[in-house]
Novice: 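Here's a structure for you.
What you see is a predicted model, and the numbers here were worked out from it, not measured in a lab. Atom set for the values below is all heavy atoms of this structure, side chains included, hydrogens, waters and symmetry mates excluded. Throughout, residue positions are numbered sequentially from 1 according to the sequence presented.
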Amino acid sequence: MTGVLVLAGTPIGDIADAPPRLAAELAAAEVIAAEDTRRLRRLTQALDVTPTARIVSYFEGNEAARTPELADALAGGARVLLVTDAGMPSVSDPGYRLVAAAVERGIKVTAVPGPSAVLTALAVSGLPVDRFCFEGFPPRKAGERRSRLREVADERRTLVYFEAPHRLDDTLAAMAEVFGADRRAAVCRELTKTYEEVKRGTLGELATWAAEGVRGEITIVVEGAPESGPQELAPEELVRRVRVREEAGERRKEAIAAVAAEAGLPKREVFDAVVAAKNAEKSAP
């Protein structure tokens, strides 16, 4: 008789948002794997629950090493509850490895649905919600970040990102450069907490705002790319797209060919736009 792996959603801010089943699962679990055992202690105290389970830490640093141990406990019949600091386990948090290991052994995996910063930010953003993509945290290095953003520059679905507050200004500036400064977006800060704030505007406006410094947990929602045809792309936009690719490491010839293919234009037309822009820069006073 195998056990059960329970993924438990925890509040992203307001403890009153804890799902009703969470307290019951905390009390019933035989093993609790927690991203932060101190936060788990505060959570159980707030919910007035006294766990009898064996509690183990399960975070990014030990996730790979501890997964086999937890998988063995599941195979032995234990009810294992996985909780992370906030939101759903495995969504930009530890958990994927354990879920995969449990599935591979034929062990039941279930969840206690709970708050999600992704869906909460999407819902309050004021941007289209019918189709969206979750992109997690952008890469920390500027070149890698720009390259990753370029991969989804033409994505028409709404995009959702997590970001650290001290990198927010650089990320928004890169998004304004790659996606276009006029693309609409929303920065959701401290969702469900005392100082909750949703700042809406264009990426250019938000990048300027963030340059002054922003604190708290951050979720960014970005409008998807508009439908466009070759006739809608001005020479300035063609030049911008080529430069973005060049800065990401592509040779100019390759960048021009790629932009021409994206826009459905002859390569010569994109080449001429790049040359014209270069000549204009040289002749500028």
Novice: Do the side chain of Thr158 and the main chain of Pro128 share a donor and acceptor less than 3.5 angstrom apart?
Specialist: yes
Novice: Please give me the minimum heavy-atom distance between Arg183 and Gly224, naming the atom from each residue.
Specialist: NH1-C, 3.5 Å
Novice: Output yes when Lys193 and Glu196 qualify as a salt bridge under the 4.0 Å nitrogen-oxygen rule, no when they do not.
Specialist: no
Novice: Verify side-chain contact (heavy atoms from CB on, under 4.5 Å) between Val129 and Phe132, making sure each step is shown before the conclusion.
Specialist: CA-CA 6 Å; Val129 299; Phe132 71 94; 6.0 Å; no
Novice: Before giving the answer on side-chain contact (heavy atoms from CB on, under 4.5 Å), spell out for Trp209 and Lys199 the whole-Å C-alpha distance, their side-chain angles and the decisive distance to 0.1 Å.
Specialist: CA-CA 9 Å; Trp209 164 75; Lys199 190 75 172 178; 3.7 Å; yes
Novice: Using 4.0 Å as the upper bound for N to carboxylate O, is an ion pair formed by Arg215 and Glu190?
Specialist: no
Novice: Is any NZ, NE, NH1 or NH2 atom of the basic residue among Arg146 and Glu247 found under 4.0 Å from an Asp or Glu carboxylate oxygen of the other?
Specialist: yes
Novice: Between Ala174 and Arg145, what is the shortest heavy-atom contact and its length?
Specialist: CB-NE, 4.2 Å
Novice: Does a side-chain N-to-carboxylate-O contact under 4.0 Å join Glu281 and Arg243?
Specialist: yes
Novice: Between Glu217 and Leu191, is any pair of side-chain heavy atoms under 4.5 Å apart?
Specialist: no
Novice: Considering only heavy atoms from C-beta outward, does the side chain of Val160 approach that of Ile220 to under 4.5 Å?
Specialist: no
Novice: Measuring only between side-chain heavy atoms, which start at C-beta, is Val118 closer than 4.5 Å to Thr219?
Specialist: no
Novice: Taking the side chain as everything from C-beta on, heavy atoms only, tell me whether Thr44 gets closer than 4.5 Å to Leu47.
Specialist: no
Novice: Please lay out, stage by stage, how Tyr58 and Thr67 fare under the test side-chain hydrogen bond (donor to acceptor under 3.5 Å, both in side chains).
Specialist: CA-CA 8 Å; Tyr58 189 72; Thr67 292; 2.7 Å; yes
Novice: Where the side chain of Thr10 meets the backbone of Thr84, is there a donor-acceptor pair that is under 3.5 Å apart?
Specialist: yes
